[in-house]
Amino acid sequence: MEIKEDMVNTPNQIQVFDTTLRDGEQMPHVAFSAEDKLAVARLLDQMGVNVIEAGFPANSRQEIEAVRRVAGEVKALVCGIARVVRQDLEAAVSAKVGMIDVFCSTSPIQMEKSMRTTPKKVLGQSVDAVRFVKDQGLSCMFTPMDATRTDPAFLNEIAARVSEAGADWIGLTDTVGVGDPFSVARMVESVRNAVDTPISIHCHDDFGLATANTLAAVRSGASMVQVCVNGLGERAGNASLEEVAMALKCLLQTDCGIDTRLLKKVSKLVERVSGLPVPPNKPVVGENAFTHESGIHAAGVMRDGSTFEPGVMTPEMVGQNRKLVLGKHTGKHGVAQALAEAGLNPGESELKEIMQRVKSLADKGKQILNTDLFAIADTVMQKLPKENRSITLDQLVVTTGDKILPTASLRAKVRGEVKVEAQVGLGPVDAAFRAVRKMLEGEIKVEIAKFHVNAITGGSRATVRVSVTVEDEEGRQAQAQAAHVDIVMASVDALLTATNHLLTRQVKEAEEAA
């Protein structure tokens, strides 16, 4: 269906009805305590949410009390949901809410298979329920449940009847998420033409269309959106508060009165109290929403954030920060910026070697943290330039096990001459050190004065930093550090770097003495 220009509605303000504490809590394995509900409600209120649906009072006395506490502590209009039965309605009234969301199934399948009732009875019960709520002096929303699967003529009829009874809102629902933007637009337009009562829209995300369907409803005349923080809710959840609020603000240029800078904060709060982690790639509030690894992307956003971000939505608008992370797609600009922020400014050749090491680790599946990067940079930047190194490692092979002697074989260039050496040791590091010292006989005799190992990241893939201090026969010392995921490689790297510095010092002192 093509949306005609006269169907497009972009009012100055759309009201936000948050149902995290009711529909969101109906998500499997989610249960909010009264204190949880209060904490979330206070933050939603601070953000500027118009209506907070705090729960289903008829569920229990504890639920009535929790909803009552929320109603007593926030400025927003607090709503309780109720079926079209007297005990539900009375429970909602006793919770001291300002609005009751009265719902009743209206689709053929739900009337027949779930409620086991008839359209005539649904009409009568719905009208009676709305009148009861209005007689209590409360605001009333009537929700024809499963509206997207309801016969359009019957939907219009029941909307007209409850409107005559005093309903303040018609809450159209895509209860099982089968609507699409075109069918939802048609439904809203049809009901809008049938009644003058303002329309609220409630969409589920079974096909990933909840946000799109909500926007389509707004463009067709809905003036209230029903949402859940982090998209919580039955099955695949509801339209997300964060997605809908930002799409309204940035794409439809429509104000919904929300302080969007608190979106990340409320997302983290709901993540904590619900126990459901927010996926990294979640729009708006996910950790990756404004994170870049690719070299082209990182270089672009460093110049202008709108190159590889929406532009109309910035991280600051939603309480986020832009992040550049390291991985196999990382470019030179991203690495250089991360190092510069830590006060490290490698030269061009050093940056090239740092890049090679980062990509080598990433290709092995290693997640590169800033601590890894800084350790790698320290390793490279303390080395002498290649042309000034007396020893350059070409290859290292280590074998170890419980039935064999640890053995290290290495090939290196010593003052331009290729040398090969193999030694056994008490362990692989000891074997490698013995091989290096044997290879250097005739050039320099060194002893290991100090040796220290420290894991700088956690897990079995931890990057380790090795510090080695070597001493020659004259008592001269040189110290170096190296970082690697392989402790033997880190140890040999540090040993060779320290030895190179010691050899350079020897040559310099000899030249000065001459």
Query raised in the report: Taking only residues at least two apart or on different chains, which pairs with a member in residues 54-64 satisfy salt bridge (charged side-chain N to carboxylate O under 4.0 Å, His left out)?
Result: Lys37-Glu63
Requested in this report: Please identify each residue that fulfils side chain to side chain contact (heavy atoms under 4.5 Å, CB included) with Pro279, with sequence neighbours left out.
Outcome: Asn281, Lys282
Query raised in the report: What distance separates Glu242 CD from Thr260 OG1, expressed to the nearest 0.5 Å?
Result: 12.0 Å
Query raised in the report: Roughly how far apart are Arg83 CZ and Cys104 SG, rounded to 0.5 Å?
Result: 10.5 Å
**Report entry** Test side chain to side chain donor-acceptor pair (under 3.5 Å) applied to Gln15 - qualifying residues, sequence neighbours left out
**Finding:** none
Query - Side chains of Asn213 and His204, donor plus acceptor under 3.5 Å - result: no
Report task. Give, for atom CZ of Phe154 and atom OG of Ser107, the distance between the pair rounded to the nearest 0.5 Å. Result -> 10.0 Å
Report summary line: Test side-chain contact (heavy atoms from CB on, under 4.5 Å), reference Asp18, set Leu44, Asp23, Val225, Asn238, output is Leu44
Requested in this report: Check step by step if side-chain contact (heavy atoms from CB on, under 4.5 Å) holds for Ser240 and Val227.
Outcome: CA-CA 5 Å; Ser240 299; Val227 293; over 6 Å; no
Query raised in the report: With Asp101, which residues qualify under salt bridge (Lys or Arg N to Asp or Glu O under 4.0 Å), at least two apart?
Result: none
**Report entry** Distance in Å, Asp36 CG paired with Glu25 CD, rounded so as to fall on 0.5 Å steps
**Finding:** 9.0 Å
**Report entry** side chain to side chain contact (heavy atoms under 4.5 Å, CB included) against Ala58, all qualifying residues, sequence neighbours excluded
**Finding:** Phe56, Asp88, Ala91
Query raised in the report: Say you draw a straight line from CG of Leu138 to SG of Cys140; how long is it, rounded to the nearest 0.5 Å?
Result: 9.0 Å
**Report entry** Salt-bridge present (Glu65, Arg68; N to O < 4.0 Å)
**Finding:** yes
Query raised in the report: Is it the case that more than 12 heavy atoms not belonging to Asp196 sit under 6.0 Å from its CG atom?
Result: no
Query raised in the report: Can you list the residues that meet the salt bridge (Lys or Arg N to Asp or Glu O under 4.0 Å) rule with Asp206, with sequence neighbours excluded?
Result: Arg235
Requested in this report: Apply side chain to side chain contact (heavy atoms under 4.5 Å, CB included) to Glu90 and list each qualifying residue two or more places apart in sequence or on a separate chain.
Outcome: Arg86, Phe132
Query raised in the report: So does Glu316 pair up with Lys264, basic N to acidic O under 4.0 Å?
Result: no
Query raised in the report: In this structure, are over 12 heavy atoms from other groups packed under 6.0 Å from Ile109 atom CD1?
Result: no
Query raised in the report: Any chance the side chains of Asn156 and Ser190 put a donor and an acceptor closer than 3.5 Å?
Result: yes
**Report entry** Considering all heavy atoms, the nearest Ala71-Val78 contact
**Finding:** CA-CG2, 3.6 Å
Query raised in the report: For Arg161, which residues count as a salt bridge (Lys or Arg N to Asp or Glu O under 4.0 Å) partner, sequence neighbours excluded?
Result: none
Query raised in the report: Quick one: does Ser200's side chain have a donor or acceptor within less than 3.5 Å of a partner on Gly171's backbone?
Result: no
Query raised in the report: Can a donor-acceptor pair be found between the side chains of Asp146 and Thr175 at a distance below 3.5 Å?
Result: no
Report summary line: Here the pair of heavy atoms bringing Arg149 nearest to Val178 is CG-CG2, 3.9 Å
Query raised in the report: Who pairs with Arg272 by side chain to side chain donor-acceptor pair (under 3.5 Å), at least two apart in sequence or on another chain?
Result: none
Query raised in the report: OG1/Thr20 to CD/Gln26 distance, rounded to the nearest 0.5 angstrom?
Result: 12.0 Å
Report task. Using side chain to side chain donor-acceptor pair (under 3.5 Å) as the criterion, list what pairs up with Asp259, not counting sequence neighbours. Result -> Arg261
Report task. Please identify each residue that fulfils side chain to side chain donor-acceptor pair (under 3.5 Å) with Glu73, with sequence neighbours left out. Result -> Arg42
Report task. With sequence neighbours left out, write down each residue that passes salt bridge (Lys or Arg N to Asp or Glu O under 4.0 Å) with Lys265, or none if nothing qualifies. Result -> none
Query raised in the report: Taking all atoms of both residues into account, what is the closest heavy-atom pair of Val284 and Phe290, and its distance?
Result: O-CE1, 3.7 Å
